[in-house]
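Take a look at the structure below.
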Amino acid sequence: MAQRESNGHAGGTGRRALLGAAVLGAGGAVLGPAGTARAADARHGAGRGLKGLPVPTIVGHRGASGYRPEHTLGAYQLALDMGADIVEAGDLVPTRDGHIVCRHEPEIGGTTDVADHPEFAGRRTTKTLDGAAVTGWFTEDFTLAELKRLRAVERIPANRPHNTLYDGRWEIPTFEEVLRWQDEQTRKRGKQVWIYPETKHPTYFRGLGLGLEERVAKLLRKHGKDGRNAPVILQSFEPTSVQRLRGLVGNPLVVLLSGANSRPWDFVESGDPRTVADLVTPEGLKEIATYAQGIGPTLDLVIPRDASGRLTAPSSLVRDAHRAGLILHPYTMRNENPFLPADFRKGTDPDAYGDVFGAYRAYFATGIDGVFTDNPDTGLLAREDFVNG
């Protein structure tokens, strides 16, 4: 899909309304009257697929994970309350009995209270995950009923100590629960809610007999969300997973791209020598465009950083991807100092906010179609300022 002009959210909204939505997000929902649903759907592009989204699109990364423990219904809800255009509601991993749940990784020691459950102490183990030894507890060793006994906790408490106030509040959601939540929120808000799930480590799970793509496709078909204009964008770091999904459902598809020197794990397993650097050449992007509608590159592929962590000149990736007909939704904008380019940090405190608006402006100026962010409120305010000049 070629680069589109913005239809924005700025008109008639304004900074005050966006800030008001962020405040409501602390405990309330931004609801639209039921009678206005049809008009609201038209304004928010329902039925138009990717073309109905504003540019730049603000994607709540694992929800509003800058403010709530990630991949919880609380984080997803707050992202919507803050006005996110899409919620990345779920990194999808399987349980032992074949259910699909939403966790950042299959290892759940850092995102749940599993270590506090003595009955699961014996499940702690070391596995090789995409070539790396990982020690902890893994979703594929638990039934869904067992996982439902756990509660989510903040993954990076050193950077987000305020999020630990919400430790233990929410359980692990299943992907089917998220699909039902999406329908409920669409009805309540009078506009179509979008989600952006990712298949995590699909080659690894296929080797365990827990193929993700077929299970995800079955759920999408069950809930009538498997079409070209369905409000569910599917993504993966493994191109073959995206290709497999293309044969199962009609949803918009995105290939995620890590550092230039990295190799997708499915390439490693199959002996494909290509790296991400090969995939982001004009030829590589044209190939991706034969089976996907977009790419999700790390921000460093859009604007590289120098040895000191400061931004340099933008690469040609945005231009080349658009010429191939692809959209770009890079990841991840975060407010805290350690995650920002060095030229936008303020002080050295790991939980202090830097000049995130300056960073947004730099990336938006490259022409990206959207951005994953842990802080949807600042993303929306930055977009308003950028679109309005």
Side-chain angles (χ1 to χ4, degrees), residues 9 13 15 17-31 44 53-54 56-91 102-104 110-112 151-157 159-173 177-178 181-182 184-186 188-189 191 193-198 231 233 235 296 329-340 351-354 356-357 359-360 370-384:
H9 278 200
T13 302
R15 181 184 297 266
L18 287 170
L19 283 173
V23 171
L24 279 172
V30 182
L31 306 180
H44 291 273
L53 293 171
T57 297
I58 303 301
V59 183
H61 184 235
R62 307 174 197 159
S65 53
Y67 309 109
R68 301 289 188 272
E70 63 192 28
H71 284 315
T72 59
L73 290 182
Y76 300 159
Q77 184 81 23
L78 183 54
L80 290 183
D81 291 346
M82 287 182 166
D85 304 305
I86 306 177
V87 180
E88 192 198 26
D91 289 337
C102 303
R103 288 291 84 195
H104 171 48
T111 61
T112 73
R151 290 296 181 268
V153 301
E154 172 56 38
R155 183 175 60 88
I156 46 175
N159 299 116
R160 294 167 178 170
H162 52 283
N163 279 13
T164 62
L165 295 171
Y166 301 95
D167 284 356
R169 182 169 294 193
W170 294 287
E171 62 182 23
I172 298 173
E177 287 169 345
V178 166
W181 169 85
Q182 179 187 22
E184 175 189 335
Q185 293 302 311
T186 295
K188 286 184 175 180
R189 296 168 187 271
K191 67 174 183 178
V193 168
W194 282 68
I195 60 172
Y196 209 139
E198 174 189 347
I233 304 171
Q235 57 180 332
H329 292 161
Y331 66 92
T332 306
M333 281 295 298
R334 297 176 165 109
N335 288 2
E336 296 90 358
N337 271 323
F339 306 119
L340 289 169
D351 60 335
Y353 288 1
V356 69
F357 292 105
Y360 272 116
V371 66
F372 285 80
T373 175
D374 289 11
N375 310 87
D377 53 341
T378 57
L380 288 165
L381 290 172
R383 180 177 70 189
E384 181 189 25

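Only this structure's heavy atoms are used, side chains among them; waters, hydrogens and symmetry mates stay out. In what follows, residues are counted from 1 in the order of the sequence shown. Keep in mind that this is a model prediction, so the values were computed, not measured.
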| message | Parallel, tilted or perpendicular, judged at 30° and 60°: which one describes the rings of Y67 and H162? | response | tilted
Exactly one of V193, I195, V87, D81 clears side-chain contact (heavy atoms from CB on, under 4.5 Å) with Q185, and that residue is V193
CD of E70 to OG1 of T111, rounded to nearest 0.5 Å, is 7.0 Å
Closest heavy-atom pair, P197 versus A89, reported as atoms and distance to 0.1 Å, is CB-O, 3.9 Å
Taking the side chain as every heavy atom from C-beta outward, state whether P56 and V371 have any atom pair closer than 4.5 Å. no
- Compare all side-chain heavy atoms of R155 with those of S65 and state whether any distance is below 4.5 angstrom. no
dist R189:CZ -> E184:CD (nearest 0.5 Å) comes out at 9.5 Å
- Side-chain touch L78/M82, heavy atoms, less than 4.5 angstrom: yes
From the list D351, D167, D374, salt bridge (Lys or Arg N to Asp or Glu O under 4.0 Å) partner of R160 resolves to D374
Report yes or no: does D85 contribute a side-chain atom to a donor-acceptor pair with the main-chain N or O of I58 at less than 3.5 Å? yes
Of all heavy-atom pairs linking P157 and T164, the shortest is CB-CG2, 3.7 Å
> Using 30° and 60° as the class limits, which term best fits the ring planes of W181 and Y76: parallel, tilted or perpendicular?
Replying inline: tilted
inquiry  = When you compare the side chain of V356 with that of N375, does any pair of heavy atoms fall below 4.5 Å?
reply    = no
Donor on one side chain, acceptor on other, T373 and Y360, under 3.5 Å: yes
Rounded to the nearest 0.5 Å, the CD atom of E88 sits from the CD atom of E198 at a distance of 6.0 Å
*asked:* What verdict does the side chain to side chain contact (heavy atoms under 4.5 Å, CB included) test give for E154 and Y166, after you've listed the backbone C-alpha separation in whole Å, the side-chain angles of each residue and the deciding distance to 0.1 Å?
replied: CA-CA 8 Å; E154 172 56 38; Y166 301 95; over 6 Å; no
Tightest non-hydrogen contact, residues G66 and N163, listed as O-OD1, 3.5 Å
Requested in this report: Would you indicate whether the side-chain heavy atoms of R151 and W170 approach each other to under 4.5 Å?
Outcome: no
For A75 and P69, the nearest pair of non-hydrogen atoms, with its separation, is CB-O, 3.4 Å
Between A84 and G60 the two heavy atoms that sit nearest each other are CB-N, 4.1 Å
(message) Can a donor-acceptor pair be found, under 3.5 Å and without considering hydrogens, that links the side chain of Q235 to the backbone of Y196?
(response) yes
Closest non-hydrogen contact found for L340 with G354 is CD1-CA, 3.6 Å
Please answer whether the main-chain N or O of H71 pairs with a side-chain N or O of R103 as donor and acceptor at a distance below 3.5 Å. yes
Rounded to the nearest 0.5 Å, the OG1 atom of T57 sits from the CD1 atom of I233 at a distance of 7.5 Å
Output for pair (F357 CZ, M333 CE), nearest 0.5 Å, gives 9.5 Å
